[in-house]
Amino acid sequence: QVQLVESGGGLVQAGGSLRLSCAASGGTFRDYAMGWFRQAPGKEREFVAAISWIGITIHYADSVKGRFTISRDNAKNTVYLQMNSLKPEDTAVYYCAADPQLGTLVGGGAIGSWGQGTQVTVSS
């Protein structure tokens, strides 16, 4: 029943930075792991990053390691995705997701909650 709302997307030149935010409400949020996914036009949705609210376990897709950072502010019930050194291939709709199990976000499965998505466009 948790509700997720993404923000922070937009148009940026290659090499630039954006920070995405995902605000959560309506659930026992301390029990949820959070993640980011993205989907480019004509392509399948892919995993980007995930973080556990209970601990400090973090996972990144190989394609974004060293460039993207996922973090959280538990007091604000918000998860962030700081995206640096953006490339045109990062262009996609980015979705926030929540699930009781971090392994479901990382390894696949029936994820509990999704946000509406926010568009990120990186120009050359």
Side-chain angles (χ1 to χ4, degrees):
Q1 196 173 344
V2 61
Q3 182 177 356
L4 307 174
V5 180
E6 302 98 331
S7 62
L11 175 65
V12 65
Q13 293 185 345
S17 299
L18 286 173
R19 188 178 72 166
L20 306 183
S21 299
C22 175
S25 62
T28 54
F29 202 70
R30 66 178 181 178
D31 295 329
Y32 283 81
M34 303 293 300
W36 289 96
F37 293 75
R38 66 187 183 186
Q39 187 168 23
K43 298 183 179 180
E44 295 183 345
R45 186 173 299 183
E46 65 176 346
F47 170 80
V48 176
I51 185 169
S52 173
W53 289 106
I54 303 302
I56 56 173
T57 304
I58 295 174
H59 293 268
Y60 294 102
D62 289 339
S63 59
V64 306
K65 286 182 178 178
R67 299 189 299 121
F68 291 10
T69 302
I70 187 170
S71 62
R72 71 188 188 278
D73 186 335
N74 289 334
K76 295 183 172 64
N77 288 337
T78 301
V79 64
Y80 303 96
L81 185 68
Q82 178 67 46
M83 305 185 294
N84 299 327
S85 302
L86 283 162
K87 305 174 181 179
E89 53 262 42
D90 294 318
T91 296
V93 177
Y94 283 71
Y95 297 91
C96 181
D99 195 89
Q101 300 295 327
L102 179 64
T104 301
L105 296 172
V106 176
I111 295 173
S113 300
W114 293 93
Q116 83 288 348
T118 185
Q119 177 71 48
V120 172
T121 302
V122 184
S123 62
S124 300

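The chain is numbered in sequence order, starting from 1. Given the structure is predicted, the values throughout are model-derived calculations rather than measurements.
Residues Asn84 and Phe68 fail the side-chain proximity criterion, which asks for heavy atoms closer than 4.5 Å. At least one side-chain heavy atom of Ile70 sits less than 4.5 Å from a side-chain heavy atom of Trp36. Inter-residue side-chain proximity for Thr118 and Leu20 is flagged as met; some heavy-atom pair is nearer than 4.5 Å. Between Leu4 and Met34 the shortest side-chain heavy-atom distance falls below 4.5 Å. Side-chain contact between Met83 and Val120 is present, with at least one heavy-atom pair separated by less than 4.5 Å. Trp114 is listed as a side-chain neighbour of Phe37, based on a closest heavy-atom distance under 4.5 Å. Side-chain contact between Gln82 and Ser17 is present, with at least one heavy-atom pair separated by less than 4.5 Å. A heavy-atom distance below 4.5 Å is not found between the side chains of Asp31 and Pro100.
No donor-acceptor contact under 3.5 angstrom links the side chains of Tyr80 and Arg19, judged on distance only. No side-chain donor-acceptor contact under 3.5 Å links Asp73 and Thr78.
In plain terms, the two heavy atoms of Ala14 and Ser124 that are nearest each other are CB-CA, 4.4 Å. Annotation for Leu102 and Ala50: closest pair CD1-CB, 3.6 Å, computed over non-hydrogen atoms. Nearest approach of Val2 to Ala98, heavy atoms of both residues: CG1-CB, 4.1 Å. The two residues Gly117 and Glu6 come nearest to each other via the heavy atoms N-OE1, 2.9 Å. Of all heavy-atom pairs spanning Leu105 and Phe47, the tightest one is O-CD1, 3.5 Å.
No continuous path of hydrophobic side-chain contacts links Tyr60 to Ile111 [ILVMFWY only; heavy atoms under 4.5 Å]. Follow the hydrophobic side-chain contacts under 4.5 Å out from Leu81 and you never reach Val93; the two are in separate clusters.
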Query raised in the report: Run the side chain to side chain contact (heavy atoms under 4.5 Å, CB included) check on Val122 and Gln13 step by step: do they pass?
Result: CA-CA 5 Å; Val122 184; Gln13 293 185 345; over 6 Å; no
Requested in this report: Determine, stepwise, if the pair Leu86 / Leu18 fulfils side chain to side chain contact (heavy atoms under 4.5 Å, CB included).
Outcome: CA-CA 8 Å; Leu86 283 162; Leu18 286 173; 4.2 Å; yes
Report task. Given salt bridge (Lys or Arg N to Asp or Glu O under 4.0 Å), test Lys87 with Asp90 step by step and report yes or no. Result -> CA-CA 5 Å; Lys87 305 174 181 179; Asp90 294 318; over 6 Å; no
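The CD atom of Gln119 lies 12.0 Å from the CZ atom of Arg38; values are rounded to the nearest 0.5 Å.
Taking the ring centre of Tyr95 as origin, the terminal cationic atom of Arg45 falls inside the region bounded by 6.0 Å and 45° from the ring axis.
Checked by atom type and distance alone, the side chain of Arg72 never pairs as donor or acceptor with a backbone atom of Val79 at under 3.5 Å. For Thr104 (side chain) and Gly109 (main-chain N/O), no donor-acceptor pair under 3.5 Å exists by modelled atom type.
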